[in-house]
Amino acid sequence: MELNGADIVVRCLIEEGVDHVFGYPGGAVLYIYDAIYKQDTFQHVLVRHEQAAVHAADAYSRSSHKTGVCLVTSGPGVTNAVTGIATAYMDSIPMVIISGQVPTHAIGQDAFQECDTVGITRPCVKHNFLVRDVKDLAETMRRAFYIARSGRPGPVLVDVPKDVSVAMCKYTPARGPVQMRSYAPVTKGHQGQIKKAVQMLLAAERPMIYAGGGVVLADAADELRKLVRLTGAPCTTTLMGLGAYPGTDERFVGMPGMHGTYEANMAMQNCDVLIGIGARFDDRVIGNPKHFAQVPRKIVHVDVDPSSISKRVRVDVPIVGDVKDVLQDLIGLYAQSMAEQGLSEQRLDAWWKQIDTWRGRKCLDYENSDTVIKPQFVVQKLWEVTGGQAIVTSDVGQHQMWAAQYYPFPEPRRWINSGGLGTMGVGLPYAMGV
């Protein structure tokens, strides 16, 4: 059948199972808005600023494990969206941004509301496309969704010139999964490396599991919990990983790093084997890499993105692959080896005794007051009132840290905040997206 570019965009969104699009109209995307108006499969959520549209789509993805979608116009519409795009990029959030562009014949002519969208967004997207021919539009949209949610997820931008959105061409529905010769992320971990990691864990006297946002993004919280219980090791999660392991469990030692607990930091420094899972050893967690490397220990790093491994800290056993797949293999092999060797959790008693000594410092304790209400007390009360079952969105700053420290999240995708970029003002549009 023959469709115009705007109708093709809408058909592709329906194909991908999209049920919400966040956006703000403008001249370059009016034809796409006309096409949205004619359908009732998905809902458009109107915002008051393009940055809010991207933040809302971001939080929608974080809380649902779906790909967020937003729609903005050309020029200032795109430049307003850049902060939201960069926020999603830093936290590896799968998202597709559809932006309008001036007609193809006007590109590069300093036309009204024109900007170099591809150039401006290149540093803060996983990939971006400029569609110059309506015949390429459907395939480009399908590739955008595939790239956004596969491998290490991230935002992908599709720039659609106004004349492309009105041009007609034959539309063919999707036939099977997308295949790209130039892009094939590794999902299965190397079995030899997984065996090395298991051998290290079995031999460890002071093991430590350090999990990040990659566990949440991979929906691997169940696997993480099985690994922690199987090994008996303490677990710490980054700000982005909160909820991947229950915050009230005795094996959880709190967050690591500059806003973390004393026991988490001391355990990371003094363990003999550290298993990093879906975490990137960022500056807020380890500080100066030179100081972090002062204490000798073996480090295993599991991540779907090979460029993240040994980027800041040299690791002994790199494992590239989808976190969920790698953990399943790791758990199976560890359980088998543990049974064969007749090992028990009691071998870690001395390690847990040391951790309990550090816990005895009660680093998060504070003095309450009869005259003022302490913020920590407020967050704790919120946790009691909600039973820990709320989805909490947060802006960035000290209140964000109080929420992370005093609201022990029992499940993943209940803590929605900007981690890597630290974008202030995200709390309200995040709540809209949730």
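Across every non-hydrogen atom of P185 and Y146, the tightest pair is CD-OH, 4.2 Å. Heavy atoms only, all atoms of each residue included: T236 and G254 are closest at OG1-O, 2.6 Å. Taking all atoms of both residues into account, the shortest heavy-atom contact from I299 to V313 is CD1-CG1, 3.6 Å. Residues P94 and P153 come closest through the heavy atom pair CD-CB, 3.7 Å. Here the closest heavy-atom approach between residue P207 and residue L348 is recorded as CD-CD2, 3.5 Å. When all heavy atoms are compared, the tightest approach of P155 to C124 is CG-O, 3.8 Å.
Taking CG from D325 and NZ from K188, the interatomic distance works out to 5.0 Å, rounded to the nearest 0.5 Å. Atoms CD and SG, from Q354 and C271 in turn, are 12.5 Å apart once rounded to the nearest 0.5 Å. Expressed to the nearest 0.5 Å, how far OG1 of T172 lies from NZ of K135 amounts to 12.0 Å. How far OH of Y366 is from OH of Y406: 7.0 Å, rounded to the nearest 0.5 Å. Remark: L364 CG to E263 CD distance equals 7.0 Å, nearest 0.5 Å. To the nearest 0.5 Å, the span separating OG on S92 from CG on D305 amounts to 7.5 Å.
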Go through the steps to decide whether Y245 and I209 satisfy the test side-chain contact (heavy atoms from CB on, under 4.5 Å), and finish with yes or no. CA-CA 11 Å; Y245 194 82; I209 295 173; over 6 Å; no

Under the criterion side-chain contact (heavy atoms from CB on, under 4.5 Å), I'd like the reasoning laid out for L239 against M401: C-alpha separation, chi angles, the key distance, then a yes or no. CA-CA 9 Å; L239 183 74; M401 294 303 117; 4.0 Å; yes

In sequence, state the C-alpha distance, the side-chain angles, and the governing distance for V323 and I277, and then conclude on side-chain contact (heavy atoms from CB on, under 4.5 Å). CA-CA 7 Å; V323 165; I277 306 168; 3.6 Å; yes

Walk me through it: do D91 and R62 pass the test salt bridge (Lys or Arg N to Asp or Glu O under 4.0 Å)? CA-CA 10 Å; D91 290 345; R62 291 179 196 246; 2.9 Å; yes

Walk me through it: do R225 and E411 pass the test salt bridge (Lys or Arg N to Asp or Glu O under 4.0 Å)? CA-CA 11 Å; R225 294 166 191 216; E411 300 294 336; 3.7 Å; yes

Using the rule given for salt bridge (Lys or Arg N to Asp or Glu O under 4.0 Å), can you reason through R413 versus D219, listing the C-alpha separation, both sets of side-chain angles and the distance that settles it, and then say yes or no? CA-CA 9 Å; R413 299 189 185 278; D219 271 350; 3.3 Å; yes

Would L46 and Y24 count as a side-chain contact (heavy atoms from CB on, under 4.5 Å) if you check the C-alpha gap in whole Å, the side-chain angles of each, and the deciding distance to 0.1 Å? CA-CA 6 Å; L46 179 67; Y24 193 84; 4.0 Å; yes

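Under the 3.5 Å distance criterion, the side-chain polar atoms of D272 are matched with a main-chain donor or acceptor of R206. In this structure a side-chain-to-backbone donor-acceptor pair under 3.5 Å is missing from E16 to C12. When atom types are taken as modelled, the side chain of Q101 and the backbone of V164 share no donor-acceptor pair closer than 3.5 angstrom. Judged purely by atom type and a 3.5 angstrom limit, N417 has no side-chain atom pairing as donor or acceptor with the backbone of T393. Of the possible donor and acceptor atoms, none in the side chain of T104 sits under 3.5 Å from a partner among the backbone N and O of R132. Put simply, the side chain of W352 gets close to the backbone of G232: a donor and an acceptor are under 3.5 Å apart. A distance-only check finds no donor-acceptor pair linking the side chain of E114 to the backbone of I107 [under 3.5 Å]. In this structure, R312 contributes its side chain and P289 its backbone to no donor-acceptor pair below 3.5 Å. For T261 (side chain) and V253 (main-chain N/O), a donor-acceptor pair under 3.5 Å exists by modelled atom type.
Side-chain contact between L13 and I98 is present, with heavy atoms from C-beta onward closer than 4.5 Å. A 4.5 Å side-chain heavy-atom check between T237 and V215 finds every atom pair outside the cut-off. The shortest distance between side-chain heavy atoms of H190 and V320 does not fall below 4.5 Å. In this structure the side chain of Y430 never reaches within 4.5 angstrom of the side chain of D395, judged on heavy atoms. The closest side-chain heavy-atom distance from F281 to S308 is not below 4.5 Å. Under the 4.5 Å side-chain criterion, counting only non-hydrogen atoms from C-beta, M432 is not in contact with H55. Residues V158 and F145 have side chains not in contact (no heavy-atom distance under 4.5 Å, counting atoms from C-beta outward). Inter-residue side-chain proximity for V285 and F292 is flagged as unmet; no heavy-atom pair is nearer than 4.5 Å.
Under a 4.0 Å N-O distance rule, the pair E367/K362 does not qualify as a salt bridge. D222 has no carboxylate O lying under 4.0 Å from a charged side-chain N of K226, or vice versa, which leaves the two without a salt bridge. For the pair K353 and D356, the salt-bridge criterion is not met [side-chain N within less than 4.0 Å of a carboxylate O]. Salt bridge present: K66 and D19 bring a charged side-chain N and a carboxylate O closer than 4.0 Å. With salt bridges taken as basic N to acidic carboxylate O contacts below 4.0 Å, none links E15 and R11.
Between Y60 and H20, the angle of the ring planes lies from 30° to 60°, which puts this pair in the tilted group.
Taking a 6.0 Å sphere around CG of D110, one finds it holds 12 or fewer heavy atoms contributed by other residues, nucleotides or ligands. The environment of CD in E340 is crowded: more than 12 heavy-atom neighbours from other residues, nucleotides or ligands sit within 6.0 Å. Summarising the local packing, CZ of R284 is surrounded by 12 or fewer heavy atoms from other residues, nucleotides or ligands at distances under 6.0 Å. Atom CD of Q398 sits in a crowded spot, with more than 12 heavy atoms from other residues, nucleotides or ligands closer than 6.0 Å. Residue R347 qualifies as enclosed at atom CZ: its count of foreign heavy atoms under 6.0 Å is above 12. With a 6.0 Å radius and a threshold of 12 heavy atoms from other residues, nucleotides or ligands, K374 has its NZ atom above the threshold. By the neighbour-count criterion of 12 heavy atoms within 6.0 Å, atom NZ of K126 is densely surrounded, having more than that number from other residues, nucleotides or ligands.
At a cut-off of 3.5 Å, with distance as the only test, a side-chain donor of T87 or T423 sits close to an acceptor on the other residue.
Just one residue in the list T121, V72, I120 forms a side-chain contact (heavy atoms from CB on, under 4.5 Å) with T79, and that residue is I120.
Side-chain rings of H127 and F129 approach one another, their centers coming within less than 6.0 Å.
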